[in-house]
Amino acid sequence: STQRAYWKESVVYQVYPASFLSTGSGSQPGWGDIKGITSKLDYLKDLGVDIVWSSPFFKSPQVDLGYDISDYKDIDPRYGTLADVDELIAGLKQRDMKLMIDLVVNHTSDQHAWFQESRSSQTNPKRSWYHWQPAKTDADGNRVPPNNWAMQLGEAHSAWTWDESTQEYYLSLFTPEQPDLNWENPDVRAAVHDVLRFWLDRGACGFRMDVINHISKEPGYPDARVIYPDSRYQPGHEHYANGPRLHEFLQEINAKVLSKYDSMTVGEMPFARDTTEILKVIAADRKEINMIFIFDIVNVDDDPFRFSLKQWKPKDVATIISKWQTDLVQGGGWPSIFLENHDHPRSVTRFTDDSPRYRDLGAKLLALMQTTLGGTLYLYQGEEVGMKNFPLSWDASEYKDIETVNYWKKMQDLSGGDESKMVEAKRIIQRKARDHARTPVQWSDGPNAGFCPENVTPWMRVNDDCKEVNVAAQAPGHQNTLKDASKEQGGGLKSSISKAAQKMADNFAPVGSSLGPVVPTHSMPIPSSEGEPLSVWQFWQRGLANRKAHKDVFVYGTFEALNVSNEDVFAYRRVGEKEAFVVLLNFTGETVSLDLPEKPAKTSKWVISNYAEGPTDRALQGKITLKPWEGLLGTAA
Ligand code: NOJ
């Protein structure tokens, strides 16, 4: 059976520090800070989080919000100091939690000392730390880049940036301010290993590795296949994603650094679709990295890039999830579960219906799905209260992300004054932009949603619905305002679970043998002490507790997709050594009915529904009806 490991069972919570919580301890008012993260550790512990992964808080000009790093071993003053990070790590340790670092080493900032040296002259010893190439000349004698690769965040631009002073191009796959490191150079690799050691020795447990499958470029930088005949530049990932020396570089990191620590790694691998290729990176016996983020689901409505609205069906999501749930584990790898991060719009908007009528149900449906799938679970800040995309009515001046801003500019250039084209662009942005994940976390219904003090303007606008949707309204015991949070900071470790939450947890989290009636025999929601139905936050808290109490099934068990005669219902069975569960998820706003095959889907009891009244009287097999956006969990007979 599957080997156990802390990194498989852990619940990881991603913080986007600029938008998490601003205590005013950083250098920039209205900007989140590290003390803000530290002040919420009891909150995260109470939710059921084990590991905090923070997006980069290192020194950075913030062209790409920290994914352009100018010093890997220092903290950006906007976020605080190294001492603040030490305090964060200590606070996590006290609570038996861990910190995962965001490692961005495919590229640096153009302000990094390495690049400053590299660009200083063609003969500088660090010249070969980056990808420099002479210009080419086109048929008309004009200077052109070395090849036709497009910039990923630049739309319409070349991936190569011209350097006037040394008269060569350098490769910059994301923005001109993010030059790609040249991993062919062993000194570059040694410098990267040194960064990893620095953070592991400081107490980090491991790394989320940014675009890690881009580090090996095809020698000679061949032209990309033409996909967009009208564009000058083409997606070139066939020549730089999963490149020829990727495995060698990853094995080297593992042998020289990772294997010396009890570390955990998750690789970001865009354009990784092929099972065999993926398993070469994550199969345990390869000694590369533990797991990756596969983007098939969050790309389900891309065509093939972000700014389009491709139609998708619930069946597509079900098929993708089922495939990775089985293939990765069978191949000796390990899945990661996630629907959100800082690069994608909000899941409740994207995969369900975020209108007032269905939003809570939708968020809970996705929580039920994620907490019952196999693999390591990643939750993104705000997802636990069902934060949604900001509305269409926002002015374009609210878009802060470089990718959105570039897209908007491009569409303005292309529209030739045609307003309807801009209306369409706005509609696409409202569905797909990265900005939606970056609005400040809604902590309360107070000024600035409790993200920063009243007299300060947050760096990004707070979503309009913060009065109704916020942590204070949903999480018992976490009504504290910013002021309380700063008071608490000096006060040491507080009891992490409020009385009300503790009572609910006692009710719910089963104790003892996994053979007994380990799932509560009463239905969701278990009324809180006030007799209120469960909030989205409470549903997540309960779901995470449930997942841990039954980890043999939900984390380590096998996954079987069920054929249930209705394509809009995602149905599966999770099977452990001693118990098994059936999950039915209705991905539509309609009442649906389906035939539940007796074998292997027979249930002995439905125990959880995302509806306030619980599963009520429902058939255990045969014909079953699900309400709009309803999810059911049952014990398998
Ligand atoms: C992926 C990161 O998640 C994204 O935010 C960033 O823009 C690119 N990598 C480049 O670092």
Side-chain angles (χ1 to χ4, degrees), residues 12 14-20 32 53-72 76 100-112 115 130-131 149-155 157 159 161 170-181 183 192 195 207-215 217 235-237 240-242 265-272 289 291-295 297-299 302 305-307 336 338-346 378 380-381 399-407 432-439 459-460:
V12 185
Q14 184 190 354
V15 165
Y16 196 63
S19 308
F20 188 69
W53 149 32
S54 175
S55 278
F57 40 50
F58 315 101
K59 262 211 172 107
S60 162
Q62 308 291 341
V63 169
D64 188 19
L65 258 299
Y67 285 90
D68 48 323
I69 295 172
S70 55
D71 187 347
Y72 291 101
D76 197 283
M100 202 164 96
I101 292 287
D102 209 315
L103 185 77
V104 189
V105 287
N106 170 70
H107 45 269
T108 66
S109 160
D110 64 345
Q111 301 305 308
H112 195 290
F115 189 71
Y130 294 85
H131 297 268
W149 300 355
M151 193 176 278
Q152 285 198 28
L153 302 180
E155 289 277 327
H157 288 279
T161 304
Y170 62 87
L171 182 64
S172 50
L173 288 177
F174 291 90
T175 67
E177 293 83 6
Q178 291 164 292
D180 283 59
L181 280 165
W183 280 63
V192 167
V195 169
F207 305 94
R208 175 264 186 189
M209 302 165 117
D210 190 69
V211 289
I212 197 65
N213 64 334
H214 289 23
I215 58 180
K217 278 80 175 167
H237 50 85
Y240 61 70
N242 316 312
T265 42
V266 52
E268 193 207 21
M269 300 218 343
F271 316 112
I289 60 180
M291 65 193 127
I292 68 164
F293 293 127
I294 296 177
F295 290 122
I297 295 178
V298 288
N299 291 343
D302 293 356
F305 293 112
R306 181 184 311 276
F307 292 111
S336 64
F338 73 100
L339 291 178
E340 289 189 21
N341 60 39
H342 63 293
D343 290 332
H344 291 281
R346 292 293 183 173
Y378 292 80
Y380 181 70
Q381 65 180 38
Y399 308 155
K400 301 291 180 230
D401 176 23
I402 178 95
E403 185 185 33
T404 315
V405 170
N406 282 336
Y407 170 71
K432 304 294 289 286
R434 306 200 293 186
D435 292 285
H436 297 291
R438 302 176 181 192
T439 61
W459 75 275
M460 194 173 175

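Atoms within a ligand are numbered from 1 in the order they appear, just like the ligands themselves.
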### Query
Charged N to carboxylate O under 4.0 angstrom, Asp343 versus Arg438?
yes
#### Entry: Residues Asp302, Lys432: salt bridge by 4.0 Å N-O rule
yes
### Message
I'd like to know if the side chain of Tyr130 and the backbone of His107 have a donor-acceptor N/O pair within less than 3.5 Å.
### Response
no
### Query
Who are the salt bridge (Lys or Arg N to Asp or Glu O under 4.0 Å) partners of Asp110, not counting sequence neighbours?
none
### Query
In chain order, what residues pass the side-chain hydrogen bond (donor to acceptor under 3.5 Å, both in side chains) check against Tyr380, with sequence neighbours excluded?
none
Measure and list all N/O to N/O distances between ligand 1 and the protein that fall under 3.5 angstrom.
unit_1   : atom_1 : unit_2 : atom_2 : d
ligand 1 : 3 (O)  : Arg208 : NH2    : 3.0
ligand 1 : 3 (O)  : His342 : NE2    : 2.8
ligand 1 : 3 (O)  : Asp343 : OD2    : 2.4
ligand 1 : 5 (O)  : His342 : NE2    : 3.0
ligand 1 : 5 (O)  : Asp343 : OD1    : 2.7
ligand 1 : 5 (O)  : Asp343 : OD2    : 3.4
ligand 1 : 5 (O)  : Arg434 : NH1    : 3.3
ligand 1 : 7 (O)  : Asp64  : OD1    : 3.3
ligand 1 : 7 (O)  : Asp64  : OD2    : 2.5
ligand 1 : 7 (O)  : Arg434 : NH1    : 3.0
ligand 1 : 9 (N)  : Asp210 : OD1    : 2.9
ligand 1 : 9 (N)  : Asp210 : OD2    : 3.3
ligand 1 : 11 (O) : His107 : NE2    : 3.0
ligand 1 : 11 (O) : Asp210 : OD2    : 2.8

### Message
Checking Tyr67 now: which residues fulfil ring pair (Phe, Tyr, Trp, His ring centres under 6.0 Å) with it, not counting sequence neighbours?
### Response
His342
